[in-house]
Amino acid sequence: MSVTPTAGARLRSVGGGANRWVVLFVLCVSLLLVALDATVLHVAVPDVTEDLRPSGIELLWIVDAYPLVCAALLILFGTLGDRVGRRRVLLLGYGIFGAASAVAAFAPDPQILIAARALLGVGGAMIMPATLSILRAVFPDRRERATAIGVWTAVAAVGAATGPVLGGFLVEHFWWGSVFLINIPLMALILPLGRWLLPESRGGADGPWDVLGALMAAGGVLGVVLGVKRLGVGSGPLDPGAVVPLLLGAALLVLFVGRQKRRRHPLVDMRMFARAAFSTSVGCIILAMLALVGLELIAVQYLQLILGLGPLETGLRLLPLTFAAMAAGATGSHTLNRLGPRRMVGWGFALTAVAVLLLTVMGQHDRPWLLTGAFVLLGYGLQTTLFGAYESMLSEAPVDQAGGAAAIGETSYQLGAGMGIALLGSVMNAAYAPAVASLSGVPASASSAAAHSLGEAYQVADRLGGPAGELLRSTARHSFVQGLHITLVVSAGLLLLGAVAALRLPRIMECGTSEKCPQPRQAEPVSLPATREPDAPGARTAGTAVSHAGAGVPAGRRPQVPARPAPAEAAGSGRTAH
């Protein structure tokens, strides 16, 4: 890893003193804003629809432009930061994010809002991998880095979970544009603060940056995520709008992998995936996010459409999940140290599966204590899983590949979220639609429209009125709850699959020779020349360390122990040589 002279001095200060925790604070504020923007718009969609009157396709792009563009560009900007400087990319991302927020807040029409949301995705893609790769650089001690990653993952969970609460409050008291406007003063503060405090660092890769490879990765991820999202919103498996981008994206990713294997200076070292801990961690991140996002989407629908809660009340009901995630992040380093990556990730998945199965007890009536308890277990279990997976993935990657590794982790996060909406949404639709679509006593056209979603069923029932409308409403509610239970069982099965996959992770939190993990206190070793004759009792050889454990023992009778090598500078992958 190389640094500029002034930034190098700053990095040494950060790496060896308390200032690295200030750096962590700045990075977490950055991540908080990006995570908030992923969910804060969800509760504002009705107001956006009423004000701007977007078409169905435009509304879909208003919601999806940000996560799609962000996911597509993570590898591009993550690897670019390794080459030109992670701090430089991060600060540019701050500027773009703030400017795009201002445009989005005052967008006069759907097209401008879509463009602003896409620009927000560009800024987010610059910020997210840079925060994690800078964190990897300023925390060379793996145990301290585990604590920092715990805080980092907790902040991500807080941002995603509090987005609907904050969005609901702002929409109820101001207007929909205020959900974007809050970013501007925070970015105005963090941009100069980050320029002053954050260290500059680069990877050790030489050679030109593979522009074509970066574009292939961006196109491939965009196609896959777009195709998966299309499947999640009801497109059939043979729908060209879903199948074509999915196949093109997959083909581009295959070509990208082949290109990286052939290049002398690849963007992403594919040999990282040959390491069981790295590839398993990536897979666990995908599975955890698949469960979390899919369940959150269905939970929001359940709280609003079955229990009849408003947007702000819905966000408040999800707060226990947030607080549990914060607790898991705060205690994650201690848990990882005691249990090791394998048991931490595995038990996190198992605990989440128990929480999901507990939610199957929920019916058409509100049970707040049961719901709160399940959300606490869900938040703690998933955050524990994500903590262990992210820490293992980042520690397994070489420090000069930190940007690329962070981008892979964040891409897995986004891909898992898209797959969760697609897979669990499809299961939900398959379980919900048949009973509503073939309802006797209700016109066929009304039943067909009601089968699309519970919200549409309510609208159709209101238009019908009378006994037919009441029958449709009650049937749709009952079918939705049944579909929810089936979806929860499927989700629990996926979580248990993740627990089995976690068996490939290391048993203990290992530190390689390049890491500076604190070691248990031991007696200092004594080294004597192999050819030297034993000294007289009480004699001491110059240059020989004498430990307290050896006090009172004649020097000549002490065992010869090889001297322990001094720890090297943190510049490697963190793996233990076997």
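As a basis for the values below, the full set of heavy atoms in this structure was taken, side chains included, without hydrogen atoms, waters or symmetry mates.
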With Glu470 via side chain to side chain donor-acceptor pair (under 3.5 Å) - residues at least two apart: none
Between CG on residue Leu378 and CG on residue Leu321, distance to nearest 0.5 Å: 5.0 Å
Nearest non-hydrogen partners of Gly98 and Ile184, listed with the distance: O-CG1, 4.0 Å
Closest contact, heavy atoms only, Gly124 versus Cys70: C-SG, 3.8 Å
Stepwise side chain to side chain contact (heavy atoms under 4.5 Å, CB included) check, Val122 with Leu73: CA-CA 7 Å; Val122 175; Leu73 298 179; 3.8 Å; yes
Test side chain to side chain contact (heavy atoms under 4.5 Å, CB included) applied to Leu215 and Leu76, step by step: CA-CA 7 Å; Leu215 293 176; Leu76 188 153; 4.2 Å; yes
Heavy atoms from other residues, nucleotides or ligands near NE2 of His478 exceed 12 (cutoff 6.0 Å): no
Close side-chain approach of Leu186 to Ile190, heavy-atom, < 4.5 Å: no
Any pair counted as side chain to side chain donor-acceptor pair (under 3.5 Å), so long as it reaches residues 241-251, sequence neighbours left out: none
Full working for side chain to side chain contact (heavy atoms under 4.5 Å, CB included) between Phe97 and Leu119: CA-CA 7 Å; Phe97 203 85; Leu119 196 58; over 6 Å; no
Exercise: identify the closest heavy-atom pair between Pro192 and Ala188: CD-O, 3.1 Å
Closest approach of Ala431 to Gly483 (non-hydrogen atoms, all atoms of both residues): CB-CA, 3.5 Å
Student check: side-chain heavy atoms of Val460 and Arg463 closer than 4.5 Å: yes
Gap separating the CD1 atom of Ile134 from the CG atom of Leu90, nearest 0.5 angstrom: 5.0 Å
Note, Ile306 side chain near His365 side chain (heavy atom, < 4.5 Å): no
Flag side-chain contact, heavy atom, 4.5 Å: Tyr432 against Leu484: no
side-chain contact (heavy atoms from CB on, under 4.5 Å) against Ala217, all qualifying residues, sequence neighbours excluded: Ile75, Phe256
Reported OG-to-CE distance for the pair Ser479 and Met428, which is rounded to 0.5 angstrom: 7.5 Å
Set of salt bridge (charged side-chain N to carboxylate O under 4.0 Å, His left out) partners for Arg473, sequence neighbours left out: Asp462
Spacing of Met187 atom CE and Leu189 atom CG [to the nearest 0.5 Å]: 10.5 Å
Contact check, side chains of Leu253 and Val224, non-hydrogen atoms, under 4.5 Å: yes
Heavy-atom closest pair, residues Ala374 and Ala355: O-CB, 3.5 Å
Student check: side-chain heavy atoms of Leu91 and Leu191 closer than 4.5 Å: yes
Thr475 side chain vs Leu472 backbone, donor-acceptor pair below 3.5 Å: no
Atom of Thr372, atom of Pro320 and distance for their closest heavy-atom approach: CG2-CG, 3.8 Å
Distance, nearest 0.5 Å, that separates CZ of Phe480 from OG1 of Thr487: 8.5 Å
Atom pair OG/CD1 of Ser281 and Ile286 - distance to nearest 0.5 Å: 11.5 Å
Polar side-chain atom of Arg117 near backbone of Ala65 as donor-acceptor pair, under 3.5 Å: no
side-chain contact (heavy atoms from CB on, under 4.5 Å) involving Leu371 - partner list, sequence neighbours excluded: Leu303, Arg317, Leu359, Met362, Phe375
CA sep, side-chain torsions, deciding dist, call: Phe180, Leu120, side chain to side chain contact (heavy atoms under 4.5 Å, CB included): CA-CA 10 Å; Phe180 300 110; Leu120 278 169; 4.0 Å; yes
Flag side-chain contact, heavy atom, 4.5 Å: Leu52 against Trp176: yes
Pairs meeting criterion side chain to side chain donor-acceptor pair (under 3.5 Å) with involvement of residues 89-108, two or more places apart: Ser30-Tyr94, Ser101-Asn183
